[in-house]
Each structure stands twice: as C-alpha cells, then as structure tokens.
Amino acid sequence: MAELAPSVLRTLHGLFAVYKAPGVHWKLVRDQVETNLLKELNALKQRAPRHQIRFLPAGTEGGNGVQLTRVPTAVPVLADHVLVKGPAFTRLLVGAGHRLDVQSSGVFVLGYGHGNKLLTDMYNSHFTRDYTVRGRFGKATDDFTEPGKTIEKTTYSHITREKLERILAVIQGSNHKALIMHSRVDLKSQEAYELAVEGKLRPMVKSPPIILGVRCLEFSPPDFTLEIQCMHETQQYLRKMIHEIGLELRSSAICTQVRRTRDGPFTLDCALLRTHWDLRSIQRAITECKARSDEVSRGNPNTMRETEAAEGPVPEPISGAEGEGDLRA
C-alpha cells in the first residue's frame, strides 16, 4: 500500500548531514536538497479530494415519458484537483547548521521541522569541529588560497617536519590558555577537573576562535596536511593560520584545501553524497542520526538547566553512624 505524502513528511523531522563539495555555495546545497524532497513528496500518493453533494439532473421514465429530476450526488471538489490547486507541497523549511564557505568541503548539517530547533541547540552547545587542512610552502597570496593573487615567493628547503611540529605545539599551547580563560570555570574546582578529564572543557559562550588540537598528518615538501580540532572558527581563519605557520617558519604558505570531517556528533560516515540526496536516503539518515540528535539536545546548556529544574535539586549526602554514604532518594 502506497504511503500518503503527509505521513512521509512527518518522518522527516530531525537532523541529517550531507557532504558539501568545494566550489558550491552552501545555499545551493540546501536548495537542491529541498528541491529533491519536494519533487518526490509531490510524486507520492496524496489525500483524496474532498466531496460535496450536488443535485444533478437525471432522467426517469414515468407515465408521461422521460421526466427530469434532480438527484443528490457526491462529486469531487474541483478546487482540490491538482490541475487547479497545483502541487501539494511548494516549500519546505530546511534549516542549515554551521556553514561552509564556497571553497570548503565536508560535513554540512541540515534539519527539517523539529530539526530546526535542534540546529539552535547545536549552536548553543558549542561543539568542537574537526578539519583536514592542506597547505603548500613557498608562496603567499592576498587571500591565503591557491587561486589568489601571488604577492610573494619564498624558499622552503630549510623546513623540516620537526620544525613544523614545534610550531604546532606552540599554537596548541597558547590556545589551551585561551580555552581555560574563556571557559569561565574555577580551575581549582571539582567541576573543572571532571570536565578536563572527559575532554568537555570548553566555552559555553561565544568566544574568539580556539584551536583545541593540531597535528601533522603528512609532510612532503612543499605540501603538508594538518588535522585541526577547533571551535568558533571560520574557514578563512584556518587559511590565515596556514599563512602564519609559513611566516613562523621563515617562509610563506598558502592553503590548498579545507575539509570539515566532523561537526559535533556528525562525522563523514553519516554525510550523504550528492547521489543520495533523495527522500528515502534522507529518511534513513534521519533515523540513523537519532542518537546524534539526542546528543545535540543534551549538549545544549539551556536544555540541561530545564532538565535539572524539572527533576528538582539533588539531595545532599547524609552522614551515617557507620561512615559517610551517598544516600539519595
């Protein structure tokens, strides 16, 4: 039995991730997904048109021949016909998560229905993101990218992997101090210790870009590849970081690729390729990403405060005669 389009639409509430290719604006990605969904939803079985009672003329044979009478008849409402009212679905409010600029690629989170609220929770949760960034020594451009206008060419034969990793360690150390400063927690408290152990120590307010971790994945001069974990960044900030690394190494560098491999709980494994931007694949992705969506909701500090308020305060531990125990109702 064919499913009704409104029933299928209700299954699309949630979050899912797609893979954005370089050279494409994020709005075009979102619009293409929306267009594909609208096309397939309108092709599904729609609700039957309404009916109304009309008194239609009908001929009956009587003693005086054929007589015309009006007979009550149920007929479909023409205003509900697809040729009159047009397609049943003309627009879907598909929301976009943390955006990628035109030259970047990677995980791009989208949401529909309840997923739009989860996108707000995702923004307020201040999740970290992972990038694979490629650079090339020996050249500097006006916008830190390969197609940009060349402003300088330098040598790079003196650069070694050890020197590069030394600079990366300095960057990570200085950003760790910024992380602690913007986290706004008492470093001597138990809370700060537990957050640091779990790796959840992060600012819960908007802060300048922070690099939480950076390491060299590949080094084959003049090309090199870095893995960067960060938050509150922009892709242009990462390109500028590559440029500054080149300056610190007494050379110059440009960024040849910025690829997001993780956005909060969403990774490349769950990102749909362009060939899978169809209704059934998106339905399946939303179902499979349910656990990730729940993690987004739990990570929002506002949601956490609402949950704690609903559950009430946790009773203090009670000291027993035979020793202290954590007796809680």
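- In summary, the side chains of Asn36 and Gln32 do present a donor paired with an acceptor at a separation below 3.5 Å, with no hydrogens or angles considered.
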>> Please determine whether side-chain hydrogen bond (donor to acceptor under 3.5 Å, both in side chains) holds for the pair Thr287 and Arg284, giving the CA-CA distance in whole Å, both sets of side-chain angles, and the decisive distance to 0.1 Å.
In response: CA-CA 5 Å; Thr287 302; Arg284 194 180 309 112; over 6 Å; no
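- A continuous path of Ile, Leu, Val, Met, Phe, Trp and Tyr side chains, each step under 4.5 Å between heavy atoms, connects Leu15 with Leu268, placing both in one hydrophobic cluster.
- Heavy atoms from other residues, nucleotides or ligands lying under 6.0 Å from CZ of Arg50 number 12 at most.
- The shortest distance between side-chain heavy atoms of Ile159 and Ser251 falls below 4.5 Å.
- Contact annotation: the side chain of Val8 approaches that of Leu41 to within less than 4.5 Å [non-hydrogen atoms, C-beta and beyond].
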> Asp121 and Lys117: salt bridge (Lys or Arg N to Asp or Glu O under 4.0 Å), yes or no, with the steps?
Replying inline: CA-CA 6 Å; Asp121 291 342; Lys117 179 182 179 300; 3.4 Å; yes
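- Between Val133 and Cys255 the shortest side-chain heavy-atom distance falls below 4.5 Å.
- In this view, Phe144 and His243 satisfy the ring-ring contact (aromatic ring centres under 6.0 Å, His included) rule, not counting sequence neighbours.
- Open room surrounds OH on Tyr123; 12 or fewer heavy atoms of other groups in view lie less than 6.0 Å from it.
- When all heavy atoms of Leu4 and Gln46 are compared, the closest pair comes out as CD2-O, 3.6 Å.
- Atom NZ of Lys206 has more than 12 neighbouring heavy atoms from other residues, nucleotides or ligands inside a 6.0 Å radius.
- Residues Arg250 and Thr154 bring no donor and acceptor atom of their side chains to less than 3.5 Å of each other.
- For the pair Ser297/Leu118, a side-chain contact is recorded, criterion being any heavy-atom separation below 4.5 Å from C-beta on.
- Taking the side chain as every heavy atom from C-beta outward, Ile171 and Met241 approach each other to under 4.5 Å.
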>> Assess the residue pair Arg292 and Thr267 against the criterion (side chain to side chain contact (heavy atoms under 4.5 Å, CB included)); give the C-alpha distance rounded to whole Å, side-chain angles, the decisive distance to 0.1 Å, and a yes or no.
In response: CA-CA 10 Å; Arg292 292 180 169 92; Thr267 61; 4.0 Å; yes
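- Applying the ring pair (Phe, Tyr, Trp, His ring centres under 6.0 Å) test to every pair with at least one member in residues 263-294, sequence neighbours left out, gives no pairs at all.
- Counting only heavy atoms from C-beta outward, the side chains of Glu227 and Tyr131 never approach each other to under 4.5 Å.
- Proximity of Asp223 to Arg136: side-chain heavy atoms (C-beta onward) are separated by under 4.5 Å at one or more points.
- In terms of heavy-atom proximity, Val214 sits nearest to Leu168 at CG1-O, 3.6 Å.
- Counting heavy atoms of neighbouring residues, nucleotides and ligands inside a 6.0 Å radius, atom CZ of Arg161 exceeds 12 of them.
- Contact annotation: the side chain of Gln52 approaches that of Val75 to within less than 4.5 Å [non-hydrogen atoms, C-beta and beyond].
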Below 3.5 Å, can you tabulate the donor-acceptor pairs from side chains in residues 88-110 to any protein atom, sequence neighbours excluded?
residue	atom	partner	partner atom	Å
His98	ND1	Arg129	NH1	3.3
His98	ND1	Asp263	OD1	3.3
His98	ND1	Asp263	OD2	3.4
His98	NE2	Arg129	NH1	3.3
Asp101	OD1	Gln103	N	3.4
Asp101	OD1	Ser104	N	3.1
Asp101	OD1	Ser104	OG	2.5
Asp101	OD1	Arg239	NH2	3.1
Asp101	OD2	Arg239	NH1	2.9
Asp101	OD2	Arg239	NH2	3.3
Ser104	OG	Arg239	NH2	3.1

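- In this structure, Leu119 is not a member of the same hydrophobic cluster as Ile282, with clusters built from ILVMFWY side-chain heavy atoms closer than 4.5 Å.
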